[in-house]
Amino acid sequence: MKYFNLVLTLAIMGVLYSCYPKGPEYVDELDIVISKYDSDKFPRPGTFAMPDQVVYLKDGELDEEHPHDKDDLLLSQIEDHMKNNGFELVNNLNPGDTTFIVIVEVLETTNVGYIWPPYYGPDWGWDPWYPWYPGGWYPYYPWYPSYYAFKTGTVRIQLGDWENRSTNEDGDPSIEYVYLGALNGLLEGTESYIDARVKAGIDQLFNQDPFPITAN
Amino acid sequence: MKTLKIFSIILLVAIGVEMSAQNKTSIYYTMGIPMSNTSDYIDKTSFRGMGFEYQYLLTDNFAVGGVLQWSTFYQDLPKDTYPLADGSGAITGYQYRYINTVPMYLTGTYYLASDDATVRPYLGLGIGTYWMEQRTDMGLYSDINDTWQFSLVPKAGLLIPVSYSTSLYLGLDYNIGFKNSDLDQQSWLGISVGFNFDY
């Protein structure tokens, strides 16, 4: 009886801990789509210019070796959405012709780290494969160190206000971004699975605030 | 953290008072039905919780003690679009909401029947603090808001003796964590089942 409360308490803790809610189960449940804009400057009617390539960045560095085989797919989808929202495509950056320039970037980030997650194993108990814990002091048992490594991908679409560009101290053009749209998720799964997620993400981006733009 | 230390000292002193047959300990499983602001954030009942209560009987019918408890509320929401807080955009994704709470409070309990009764109803009141963590996960990002709230807990329940020193413990408590600068008032109805031990 002396230790009954302790044993019962630990048992209940164990059962409850194994039942702790786990959150997302599938990779695409971690996909998010974010839009942010300066409502004083966007949306407004105008024209836009598209780049002919996507910029790739890997862990913060420009990745010039990255293949450009997906560029057309990404750029044409964005171009279609811009046109569907009333913006007219122009193929030059002449003063007076172009209102916005579109910049498309793909960022790949490798995340590594060290965490002490709770143990989510299917059968919480005295697991024989974990034999090296100090004897008799079990409560810390469900906690074990773990390294993690995963890659995330972000597609970033920005609209620069070309019409109202200024010149900085060095005499170079300075362009203010008036809209940012971003898709972010885990880079897991087959290529076609990732492509489908990106396509759905871009469609979603042009379907949430401030899009769709009807009175342009 | 300071609040936790003060509470721990008081609890230890209370436990350290002469150990005679005047002590009661309860351990219990607890569910939580969210109310008001808590329900606005998570409206699903929590089935994850447990608690521990120690009581020292000052008279045959009146006890003082302390409670340490843990409950987790959880709800996942389908894919949806939410406006950004400053109104300048939106975010779309699945949302996973959690409230982790660790109530710690001192109690006063009045037993409406003597300890040889078949059923021993009680009324009580708890005053203390709740550690609250409200966490919203979207994608690979979390918005975490954790804080300590002053709490008040009206309680009622029954002890049903099953042996000389052991009783079945059935309890209801209305948990109120008062609004502070970090978090709105939180409240839920707790339903607890467990065992009480006299020693």
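Letters A, B, ... are given to chains in the order of the sequence lines, protein chains preceding strands, and every chain is numbered from 1.
A pairwise comparison of heavy atoms in Gly87(B) and Tyr37(A) identifies O-OH, 4.1 Å as the closest pair. The two residues Asp209(A) and Ala90(B) have their closest heavy-atom pair at CB-CB, 4.0 Å.
Between the NZ atom of Lys79(B) and the CG atom of Asp28(A) there is a distance of 7.0 Å, given to the nearest 0.5 Å. Atom NZ of Lys36(A) is separated from atom CD1 of Ile91(B) by 11.0 Å, given to the nearest 0.5 angstrom. Note: Gln95(B) CD to Ile32(A) CD1 = 11.0 Å, rounded to the nearest 0.5 Å. Note that CG of Asp31(A) is 8.5 Å distant from CG of Leu140(B), once rounded to the nearest 0.5 Å.
Within 6.0 Å of the CD atom in Glu88(A), the count of heavy atoms belonging to other residues, nucleotides or ligands does not exceed 12. Residue-environment remark: CG (Asp60(B)) stays at or below the threshold of 12 foreign heavy atoms within 6.0 Å. Atom CG of Asp72(A) has 12 or fewer neighbouring heavy atoms from other residues, nucleotides or ligands inside a 6.0 Å radius.
Contacts of Thr81(B) with chain A are made by side-chain atoms alone, with heavy-atom separations under 4.5 Å and no backbone atom involved. Contacts between Gln208(A) and chain B at a heavy-atom distance below 4.5 Å involve the side chain alone, from C-beta outward. With a 4.5 Å cut-off on non-hydrogen atoms, Tyr82(B) does not touch chain A at all.
Ranked by heavy-atom pairs shorter than 4.5 Å toward chain B, the options Ile34(A), Val33(A), Leu180(A) are led by Val33(A).
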